[in-house]
2 protein chains.
Amino acid sequence: MSRTALKRRSDLEERATLFAALGDETRLGIVGKLSGGAPQSIARLAEGSALTRQAVTKHLRVLEGAGVVHSVKSGRENLFAFRPQPLKDLRAYLDQVSNQWDDALMRLKDFVEK
Amino acid sequence: MSRTALKRRSDLEERATLFAALGDETRLGIVGKLSGGAPQSIARLAEGSALTRQAVTKHLRVLEGAGVVHSVKSGRENLFAFRPQPLKDLRAYLDQVSNQWDDALMRLKDFVEK
DNA sequence: ATAGAAAGCAACCTCCTGGTTGCTTTTATG
DNA sequence: CATAAAAGCAACCAGGAGGTTGCTTTCTAT
C-alpha cells in the first residue's frame, strides 16, 4: 500500500537501481553527509567536493531516483535530505541472501559431514 | 589482519565497488542462484539467461572483483561459488548509516520537539 | 587419437555515465 | 530596483559498461 506511483518496477529492478545508486564513491560520500545530520543545499554539498555544482546535482538526482534521498525546495534553495527506508529494505535483502546461504550450507553438511 | 593483498583500496572505494557490482539485474540474479546452493560452471549459469556465455563470464569477473564470488577450476570447468563475507560487511555498513541517522534524529528532537 | 564440451582471448560496437561549460530563471537582500 | 546567490536547463564530450562474434586452447571421454 505504500508503493508510490504508476511506474511499476520489479523488485529485482528496484534493488539493482538502489545498489547502482550506491555504487559510486561520490554518491556514498553524499549519503554519508546527509545521513549524519540535517538536509543540505546543493551548493553546500558541492562545496568540499572538487566537483561542479552540476555534477553534484546529477548525483543527487540519481540518489533521489533510488529513493535514498528526497528534496524539498525552500526559497531559492533546494534542500536534500536522507531517507532511511530504502537502506532498511536493502538490509532485509542482504539478510535474506545470507540466510539462504546458511540453509544451503546446512543441507550440504548433512551429506558431506566434513 | 585478514586483508588479502597488495592492492590497497580505501574502504570507500571498496564499498563503492561492491555496491556497483550488485547494481545490475543480471548480476543480482547470479548472486541469487549461487547463494542458494552449490557452485556452478559458467555454461551452467549462462543456460537460462538469454545472454552469451561471454557476457556471463564478464559479470562473474565483476562479482569476483568485488569478492562476492570466487572461482575454482575443476578440470575443464570453472566453478563459481558464493562468498558471504562481503555482504556481511555491507550489512554492517548499512547498520552504521542507519544508526548515524537515528542519532541525528534524536539530537534534532531535543530542539524541535515536534 | 580424435571429437566435442567448457572456457579463454581479443576485437569490436553501442549506449549510458560522469563530467564539463555556458546561459537562463528564480528569489533574496542592500 | 539592482545585484548576487542558488539552482535549472541544454548541449556536449570522453571513457567505460555491457554486449556481441569469431577463433583458440584445454580438457575429457570414446
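A note on names: the letters A, B, ... follow the listed sequences, proteins ahead of strands, and every chain is numbered from 1. Remember, it's a predicted structure, so these values are computed and weren't measured experimentally.
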J.: Just by modelled atom types, is the A:A43 backbone N or O under 3.5 Å from a matching donor or acceptor in the A:R53 side chain?
T.: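 Between the backbone of A:A43 and the side chain of A:R53 there is no qualifying donor-acceptor contact (under 3.5 Å).
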J.: Are the side chains of A:S49 and A:V56 in contact, using a 4.5 Å heavy-atom criterion?
T.: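 A:V56 vs A:S49: side chains touch.
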J.: Give a yes/no on whether any side-chain N or O of B:N78 is located under 4.0 angstrom from OP1 or OP2 of C:dG8.
T.: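 The answer is yes; a side-chain N or O of B:N78 sits under 4.0 Å from OP1 or OP2.
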J.: Rounded off to whole Å, could you give me the CD-to-C1' distance for the B:E64 and C:dA7 pair?
T.: 14 Å
J.: Answer with base, sugar-phosphate or nothing: what part of the nucleic acid does A:R44 contact at a heavy-atom distance below 4.0 Å?
T.: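 It contacts nothing in the nucleic acid.
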J.: What string of B, S and - do you get for nucleotides 19-30 of chain D, 5' to 3', if B is base contact, S is sugar-phosphate-only contact and - is no contact with any protein heavy atom under 4.0 Å?
T.: BBBB----BS--
J.: What is the distance, to the nearest angstrom, from the CG atom on B:L28 to the P atom on D:dG18?
T.: 12 Å
J.: Are any side-chain N or O atoms of B:S10 and backbone N or O atoms of B:E13, one a donor and one an acceptor, separated by less than 3.5 Å?
T.: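 Such a contact is found between B:S10 side chain and B:E13 backbone.
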J.: Any idea which heavy atoms bring A:V69 and A:L60 closest together, and the distance?
T.: CG1-O, 4.2 Å
J.: With ring-ring contact (aromatic ring centres under 6.0 Å, His included) as the rule and sequence neighbours excluded, what pairs involving residues 58-81 of chain A come up?
T.: none
J.: Holding to side chain to side chain donor-acceptor pair (under 3.5 Å), I want the full list of residues that pass it with A:Q96, two or more places apart in sequence or in another chain.
T.: none
J.: In whole Å, what is the span from the CD atom of A:E77 to the P atom of C:dT29?
T.: 10 Å
J.: Between C:dA7 atom P and B:K73 atom NZ, what is the distance in whole Å?
T.: 11 Å
J.: CZ of A:R61 versus C1' of C:dG19: gap in Å, rounded?
T.: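 In whole Å, C:dG19 C1' lies 17 Å from A:R61 CZ.
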J.: To the nearest angstrom, how far is B:L79 atom CG from C:dA5 atom C1'?
T.: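 Nearest whole value for this atom pair: 14 Å.
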J.: Check whether any side-chain N or O of B:R15 sits under 3.5 Å from a backbone N or O of B:Y93 as a donor-acceptor pair, and report yes or no.
T.: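 Not confirmed, B:R15 side chain does not pair with B:Y93 backbone.
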J.: Would you mind telling me which residue lines up with the more 5' stretch of DNA chain C, B:F80 or A:R27, judged by nearest nucleotide?
T.: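 On the 5' side of the pair lies B:F80.
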J.: Could you list all the side-chain hydrogen bond (donor to acceptor under 3.5 Å, both in side chains) pairs where at least one residue sits in residues 71-82 of chain B, not counting sequence neighbours?
T.: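 Checked against side-chain hydrogen bond (donor to acceptor under 3.5 Å, both in side chains) - neighbours excluded - the pairs reaching residues 71-82 of chain B are B:E64-B:S71.
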J.: Listed in order of residue number, which residues of residues 33-42 of chain A have a non-hydrogen atom at under 4.0 Å from DNA chain C?
T.: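 Correct list: empty, so none.
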J.: How would you list, by chain and number, every residue that makes a salt bridge (Lys or Arg N to Asp or Glu O under 4.0 Å) with A:R91, sequence neighbours excluded?
T.: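 By the salt bridge (Lys or Arg N to Asp or Glu O under 4.0 Å) rule, A:R91 matches B:D95.
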J.: Roughly how many Å is it from CD in A:E47 to P in D:dA7, rounded to a whole number?
T.: 10 Å
